[in-house]
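Structure first, commentary second.
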Amino acid sequence: MAQTFQWIGTAHAQAGGAAEGPGFVATLVPLILIFVIFYLLIIRPQSKRMKQHREMVQNLEKGDEVITGGGFYGRVVRVNDDTVTVELAEGVRVKSQRESIQTVLPKGTLKD
C-alpha cells in the first residue's frame with residue numbers, strides 16, 4: 001500500500017505544471033493571414049472589375065457597338081441619363097438600362 005501512495009504522489013506532481021496554450025498574437029496571426037489572402041484573391045479584383053465596368057458605362061456614346069447583358073449585339077443609337085437605345089437590326093431598337101451593357105466592342109466589329 002505504501003507503493004500505491006507513492007505512485008499517486010508522483011503522478012500528481014507531474015500533472016502540476018500544465019502547459020500553456022499559444023499566446024493571443026499567435027492565435028490572431030492565422031485569422032489576419034486568411035483575411036489578407038481573401039482580400040487579395042477575391043475582394044480587390046472584383047472591385048477593380050466593377051470600377052472598369054462603371055467607367056465603360058459612363059463613357060457610352062452614340063455609334064458604339066455593344067453586347068448587352070442578354071447577349072444581343074447592337075449599335076447604340078441614343079444615350080440618356082440611365083437608359084440606352086440599342087439598334088439590333090435595321091428598324092429593331094431596344095431600350096435598355098445603361099448598366100446592362102456588358103461590353104463595348106471595337107469599331108467595325110458589327111457588319112451591316
Side-chain angles (χ1 to χ4, degrees):
M1 189 155 174
Q3 288 180 345
T4 306
F5 288 122
Q6 185 182 9
W7 178 74
I8 292 174
T10 306
H12 195 39
Q14 288 176 351
E20 293 183 18
F24 179 72
V25 175
T27 306
L28 203 56
V29 168
L31 292 173
I32 293 171
L33 187 63
I34 289 171
F35 179 75
V36 168
I37 290 171
F38 186 77
Y39 174 77
L40 290 175
L41 294 179
I42 297 174
I43 297 172
R44 186 170 173 239
Q46 181 64 25
S47 63
K48 195 173 183 180
R49 267 185 247 121
M50 287 175 56
K51 182 180 176 185
Q52 289 173 342
H53 184 261
R54 203 175 319 119
E55 289 174 2
M56 181 212 43
V57 168
Q58 290 300 320
N59 295 330
L60 280 175
E61 298 175 343
K62 182 179 178 181
D64 284 345
E65 297 173 355
V66 296
I67 302 175
T68 66
F72 294 112
Y73 288 73
R75 187 170 284 116
V76 176
V77 292
R78 184 178 304 150
V79 179
N80 294 334
D81 290 338
D82 58 346
T83 61
V84 175
T85 304
V86 179
E87 186 173 49
L88 305 176
E90 191 154 338
V92 180
R93 294 182 177 188
V94 177
K95 188 181 257 188
S96 178
Q97 291 181 341
R98 278 187 137 183
E99 291 78 23
S100 70
I101 301 299
Q102 181 179 349
T103 308
V104 176
L105 301 169
K107 299 277 185 187
T109 302
L110 298 178
K111 298 178 182 172
D112 293 331

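Start at 1 with the first residue, then count along the sequence. Computation of the quantities below employed the complete heavy-atom set of this structure, encompassing side-chain atoms and omitting hydrogens, waters and symmetry-equivalent molecules.
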Q) Between Ile101 and Val86, is any pair of side-chain heavy atoms under 4.5 Å apart? A) yes
Q: For residues Gln97 and Ser100, report the shortest heavy-atom separation together with the two atoms involved.
A: O-OG, 2.7 Å
Q. How far does CZ of Phe35 sit from CD1 of Ile43, to the nearest 0.5 angstrom?
A. 5.5 Å
Q: List for me each residue that meets side chain to side chain donor-acceptor pair (under 3.5 Å) alongside Thr68, sequence neighbours excluded, and say none if there are none.
A: none
Q | Single-linkage hydrophobic cluster Leu105~Val77, side-chain heavy atoms < 4.5 angstrom | A | no
(Q) Quick check on the hydrophobic clustering: are Ile67 and Val57 connected, directly or via other members, by side-chain heavy-atom contacts under 4.5 Å? (A) no
Q) Once you round to the nearest 0.5 Å, how far does OG1 of Thr83 lie from CZ of Arg78? A) 8.5 Å
Between side-chain atoms of residues 27-34 and protein atoms elsewhere (two or more places apart, or another chain), which donor-acceptor pairs fall under 3.5 Å?
unit_1	atom_1	unit_2	atom_2	d
Thr27	OG1	Gly23	O	3.0

Q: Measure from the side-chain N and O atoms of Thr109 to the backbone N and O of Pro106, and report whether any donor-acceptor pair falls under 3.5 Å.
A: yes
Q | Spacing of CD belonging to Gln102 relative to OH belonging to Tyr73, to within rounding of 0.5 Å | A | 8.5 Å
Q: Sort and list the pairs that fulfil side chain to side chain donor-acceptor pair (under 3.5 Å) and have at least one residue in residues 48-59, not counting sequence neighbours.
A: Gln46-Arg49
Q: May I ask whether Val79 and Leu110 are part of the same hydrophobic cluster, defined by side-chain heavy atoms of I, L, V, M, F, W, Y residues being less than 4.5 angstrom apart, directly or through others?
A: no
Q: Find out if a path of hydrophobic residues (ILVMFWY) with successive side-chain heavy-atom gaps under 4.5 Å connects Phe72 to Leu60.
A: yes
Q. In chain order, what residues pass the salt bridge (Lys or Arg N to Asp or Glu O under 4.0 Å) check against Arg98, with sequence neighbours excluded?
A. none
Q) Asp82: what forms a side chain to side chain donor-acceptor pair (under 3.5 Å) with it, not counting sequence neighbours? A) none
Q: May I have all residue pairs that pass salt bridge (charged side-chain N to carboxylate O under 4.0 Å, His left out) and include part of residues 56-68, sequence neighbours excluded?
A: Asp64-Lys107, Glu65-Arg75
